[in-house]
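Have a look at the structure below before the remarks.
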Amino acid sequence: SQTIHQWPATLVQPVGSPLSLECTVEGTSNPNLYWYRQAAGRGLQLLFYSVGIGQISSEVPQNLSASRPQDRQFILSSKKLLLSDSGFYLCAWSVRNPGAQPQHFGDGTRLSIL
Amino acid sequence: DAKTTQPPSMDCAEGRAANLPCNHSTISGNEYVYWYRQIHSQGPQYIIHGLKNNETNEMASLIITEDRKSSTLILPHATLRDTAVYYCIVSDPRNSGNTPLVFGKGTRLSVIA
């Protein structure tokens, strides 16, 4: 069966520090990968999606970036965090084949910026 | 913006069926209806999806009206562990890869002992 792992589960970082969140998927090949952010009390906002290695699309301009160095690895990064970057970051995957494939989410990383 | 409308909250007695409604009056012919739930501090969990026929799996049943403008998620025997925020989402799978799931505010279901 397929599984998705995110780490760390929680993170406290000072303003201006760098960020690296990692997400890996097991049990499938060539998945679509997604990064979402959920601010407190609000819905999910899509940040990035990827349909293949090195292929990243950004939905929202921001100081965050994403990379996909391997087929089942998706990384969210920042060079300098802002207070507004606080939130719950979720990675998700879906099967790439055409069809109504649902997205499956990891357990998320709760990021607090001080 | 979310294309769906859901009541903000609902209560359900433990052991009874929970019926969660969703309006999606502007749904297009190629859009599916997806249901997810989010338990506090966890990632959203996929429940079920459908196009126009009713669907059932081990978690729930999905009833879609004939005109597809609304649907109902049914949890047949709600337990305390079903307490969560339930999201109804419409999405076109033809945009595979670049289809974000637009989560609205969902329905907060409270299962009461």
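Below, read A as the first sequence line, B as the second, and so on, with proteins coming before strands; counting in each chain starts at 1. Values in this document were obtained by computation on a predicted structure and should not be read as measured data. Hydrogens, waters and symmetry mates play no part in the numbers below; they use all other heavy atoms, side chains included.
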Notebook entry, point to check: Taking the six-membered ring for Trp, are B/Tyr32 and B/His49 parallel (under 30°), tilted (30 to 60°) or perpendicular (over 60°)?
Noted result: tilted

Check: Do any of residues 77-93 of chain A have a heavy atom less than 4.5 Å from a heavy atom of chain B, and if so, which, in residue order?
Finding: A/Phe88, A/Leu90

Item checked: Heavy-atom neighbours of B/Arg68 CZ exceed 12 at 6.0 Å -> yes

Checklist line | B/Thr4 (side chain) donor-acceptor with B/Cys22 (main chain) under 3.5 angstrom | finding: no

Check: Transitive ILVMFWY cluster of B/Ile74 at side-chain heavy atoms under 4.5 Å: who else is in it?
Finding: B/Ile63

Note to self: Could you go through B/Met10 and B/Leu20, starting from their C-alpha distance and side-chain angles, then the distance that decides it, and tell me whether this counts as side-chain contact (heavy atoms from CB on, under 4.5 Å)?
What the structure shows: CA-CA 8 Å; B/Met10 293 181 63; B/Leu20 292 93; 4.2 Å; yes

Next item on the list: Considering only heavy atoms, give the residues of residues 14-25 of chain A separated from chain B by less than 4.5 Å, sorted numerically, with 'none' for an empty result.
Entry: none

Checklist line | Check: B/Gln6 side chain, B/Cys88 main-chain N or O, donor-acceptor pair, under 3.5 Å | finding: yes

Notebook entry, point to check: Relative to chain A, which segment of B/Gln38 carries a heavy atom at a distance below 4.5 Å: side chain, backbone, both, or neither?
Noted result: side chain

Check: Under 3.5 Å, is there a donor-acceptor pair between the side chain of A/Arg96 and the main chain of A/Asn30?
Finding: yes

Item checked: Whether B/Thr83 side chain and B/Ser110 backbone form a donor-acceptor pair below 3.5 Å -> no

Notebook entry, point to check: Are the side chain of B/Tyr36 and the backbone of A/Gln103 linked by a donor-acceptor contact shorter than 3.5 Å?
Noted result: yes

Notebook entry, point to check: Are any non-hydrogen side-chain atoms of A/Ile56 and A/Phe74 less than 4.5 angstrom apart?
Noted result: yes

Margin query: Hydrophobic clustering (ILVMFWY, side-chain heavy atoms < 4.5 Å, transitive) - are B/Leu51 and B/Ile89 grouped together?
Written below: yes

Item checked: chain B contact via A/Gln38 - which portion, at a heavy-atom distance below 4.5 Å -> side chain

Check: Should B/Tyr46 and B/Met59 count as side-chain neighbours, where that means a heavy-atom distance under 4.5 Å?
Finding: no

Check: Applying a criterion of heavy atom separation less than 4.5 Å, what residues of residues 104-114 of chain A form contacts with chain B?
Finding: A/His104, A/Phe105, A/Gly106, A/Asp107, A/Arg110

